[in-house]
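For the single chain, residues carry numbers from 1 onward in sequence order.
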Amino acid sequence: MSTDHISSTARSSILTLLFPMLVIAGLAMTLRPTITSTGPLLTEIRLSTAMGLQAASLLVVLPMLCMGIFPLLLPWIGRRFSESAWITGGLFAISLAGLWRLWLDTGGTLIASALVGGTGIAIVQAMAPGVVKRWYPARVPLAMGVYSAALMTGGGVAAILSPVIAQHYGSWQSGLGIWLIVPVFALVLWWRRPSEQMENRDDGVKINFFGNRRAWLLASYFGLANAGYACMIAWLPSYAQTLGWSAQSSGELIGIMTIFQVIGALVIPMLSAHRLDRRPWLFFAVGIQITGFIGLITMPTALLILWIALIGCGLGACFSLTLTVALDHLSKPKLAGALAAFVQGIGFIITAIAPYVAGVLRESTGSFQAVWWMLLISLIGMLFVTIKFAPASYHQAINLSKL
């Protein structure tokens with residue numbers, strides 16, 4: 001056998017392993033720019049459109065609600081189209097929202113664009129964990145780490161660059177609409193994904209998890225884990241600006257949080273990969289967030305970047321680990337994907353409530369301290385729930401014969 005042939009075979013093997021990971025990363029990067037790009041530009045948007053704080057919170061709340069509602073409907077509507085059709089349609093919706101944002105100029109149309117984009121995000125996000133489980137059944141923690149890190153990277157880059165782009169072009173619409181590039185690129189990757197032998201229809205799983213206590217516990221845990229993220233992307237830039245930070249520097253603060261989210265999402269799942277019990281790392285992920293929020297309450301000005309870094313690392317690790325734990329409960333990719341969809345569905349409904357409640361607390365108290373206390377208390381509760389996620393309990397807790 002020639003050296004050239006061996007080299008070609010090796011390159012082909014590497015491409016076979018890595019290209020699906022690139023597709024997963026491409027899908028994940030579309031899932032946050034629609035949401036995170038608005039926070040650093042919120043002051044300009046509110047001045048231009050006369051939106052109140054509670055109306056502005058809908059720019060985060062509506063996409064989160066979509067992320068909750070669609071996965072819950074998946075057992076019924078998922079069978080109407082193939083997985084490929086759903087993901088393609090979701091990416092088109094995200095692209096359409098970005099295109100629309102290039103010229104809209106009222107608060108109502110901006111909120112409507114958040115609804116369109118949120119619907120697309122919900123579709124792609126509900127389908128993605130099942131794709132991960134199917135493509136990388138032996139490397140779920142690594143693949144979920146890459147997925148989570150790419151998701152957070154997309155959100156962080158949008159938060160950092162949106163004010164820069166808006167300033168360069170002289171309009172906040174440009175800072176929001178530019179992100180249609182990401183779902184267009186993801187569409188190209190998805191259409192060129194590795195071929196699979198799959199059914200064209202009836203991809204939905206007929207089992208639902210509404211009657212299962214463990215599914216509800218996982219979903220509630222996931223929702224509370226992401227409540228901190230939703231509040232931070234919705235209100236951290238505004239909070240930083242009350243401390244004297246500019247719009248651009250407050251967006252960069254989201255970027256700093258994202259860097260540590262990516263680190264947490266990649267490193268912690270890989271460290272947990274050698275054992276099925278993820279609880280020690282979940283304790284760590286929740287614990288460093290508690291430290292960060294205590295810091296925000298007691299010493300916000302002096303060490304703000306440190307507190308944001310700790311919160312970001314914990315958020316990234318929690319997102320990835322919680323979905324990994326959900327996927328660990330079931331070995332079959334379709335069933336695991338259905339459970340992950342349920343967890344995201346209920347979870348994101350809980351998450352969607354958080355920034356709205358935070359907006360009400362901020363408006364009624366005139367301070368963000370009540371918001372940080374709300375998130376701190378929820379994290380302390382999560383520490384006690386983490387104890388229940390012992391691998392030995394997975395089979396009995398998720399007993400399919402009772403579903």
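- Side-chain atoms of Arg101 come within 3.5 Å of backbone N or O of Thr34 as a donor-acceptor pair.
- Across all their heavy atoms, Leu315 and Met152 have their closest contact at O-CE, 4.2 Å.
- Between Trp235 and Phe368, the ring planes are tilted. Angles from 30° to 60° get that label.
- For the pair Tyr169/Ile178, no side-chain contact is recorded, criterion being any heavy-atom separation below 4.5 Å from C-beta on.
- Residues Tyr239 and Leu296 have side chains in contact (heavy-atom distance under 4.5 Å, counting atoms from C-beta outward).
- The nearest pair of heavy atoms linking Ile165 to Ser174 is CG2-O, 3.7 Å.
- Rounding to the nearest 0.5 Å places CH2 of Trp307 at 12.5 Å from CD1 of Ile288.
- A donor-acceptor pair shorter than 3.5 Å can be found between the side chains of Ser84 and Arg193.
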| query | Could you go step by step and tell me if Thr49 and Thr106 meet the side chain to side chain contact (heavy atoms under 4.5 Å, CB included) rule? | reply | CA-CA 5 Å; Thr49 62; Thr106 67; 5.5 Å; no
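- Atom CD1 of residue Ile121 and atom CD1 of residue Ile94 lie 5.0 Å apart, to the nearest 0.5 angstrom.
- Here the closest non-hydrogen pair linking Ser113 and Leu110 is OG-O, 2.6 Å.
- Taking the six-membered ring for Trp, Tyr394 and Phe389 have ring centres at least 6.0 Å apart.
- Defined by atom type and a distance below 3.5 Å, a donor-acceptor pair is missing between the side-chain atoms of Tyr147 and Ser320.
- With Thr291 contributing its side chain and Gly287 its backbone, the two residues share a donor-acceptor pair below 3.5 Å.
- No side-chain donor-acceptor contact under 3.5 Å links Thr30 to the backbone of Pro183.
- Pairing each heavy atom of Leu330 with each of Ala336, the nearest pair is O-CB, 3.7 Å.
- The heavy-atom pair separating Glu83 from Met127 by the smallest distance is CG-SD, 4.4 Å.
- In this structure, the side chain of Ser148 does not engage the main chain of Gly145 through any donor-acceptor pair within 3.5 Å.
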| task | For side chain to side chain contact (heavy atoms under 4.5 Å, CB included), just list the numbers for Tyr136 and Ile24, CA-CA rounded to whole Å, side-chain angles, deciding distance to a tenth of an Å, and then say yes or no. | result | CA-CA 11 Å; Tyr136 292 98; Ile24 289 168; 3.8 Å; yes
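- A distance of 5.5 Å separates CG of Leu41 from OG of Ser162, quoted to the nearest 0.5 Å.
- The backbone N or O of Ala85 sits nowhere less than 3.5 Å from a side-chain atom of Thr88 that would complete a donor-acceptor pair.
- Side-chain contact check for Pro237 versus Leu42: every heavy-atom pair is 4.5 Å or farther apart.
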| Test side chain to side chain contact (heavy atoms under 4.5 Å, CB included) applied to Leu282 and Val325, step by step | CA-CA 10 Å; Leu282 279 171; Val325 168; 4.3 Å; yes
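- At a threshold of 4.5 Å between non-hydrogen side-chain atoms, the residues Ser238 and Thr43 do not count as touching.
- Between Phe222 and Phe319, the ring planes lie tilted relative to each other; the angle falls in the 30° to 60° range.
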| message | Test side chain to side chain contact (heavy atoms under 4.5 Å, CB included) on Gln125 and Phe70; report intermediate values, then the result. | response | CA-CA 10 Å; Gln125 189 165 263; Phe70 179 81; over 6 Å; no
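- Residues Phe19 and Leu189 are in side-chain contact: their nearest non-hydrogen atoms beyond the backbone lie under 4.5 Å apart.
- Taking CD of Gln369 as the start and OG1 of Thr298 as the end, the distance is 9.0 Å to the nearest 0.5 Å.
- Nearest approach of Ala150 to Ala28, heavy atoms of both residues: CB-CB, 3.8 Å.
- Distance check: Ser367 OG to Leu361 CG gives 10.0 Å after rounding to the nearest 0.5 Å.
- Surrounding CZ of Phe283 are more than 12 heavy atoms belonging to other residues, nucleotides or ligands, all under 6.0 Å away.
- Put simply, the side chain of Ser364 gets close to the backbone of Val360: a donor and an acceptor are under 3.5 Å apart.
- Residues Arg278 and Asp328 have side chains in contact (heavy-atom distance under 4.5 Å, counting atoms from C-beta outward).
- Ring pair Trp216/Phe342: centre-to-centre distance below 6.0 Å.
- Counting heavy atoms from C-beta on, the side chains of Ile311 and Gln261 never come closer than 4.5 Å.
- A distance of 10.5 Å separates NZ of Lys133 from CE of Met144, quoted to the nearest 0.5 Å.
- Side-chain atoms of Asp277 do not come within 3.5 Å of backbone N or O of Ala390 as any donor-acceptor pair.
- Not one N or O on the side chain of Ser220 forms a donor-acceptor pair closer than 3.5 Å with the backbone of Leu217.
- For the side-chain contact (heavy atoms from CB on, under 4.5 Å) with Gln344, the qualifying choice from Leu339, Leu323, Thr351 is Leu323, the only one to do so.
- By the 30° and 60° cut-offs, the orientation of the rings of Phe284 relative to Trp281 is perpendicular.
- Counting only heavy atoms from C-beta outward, the side chains of Leu218 and His329 approach each other to under 4.5 Å.
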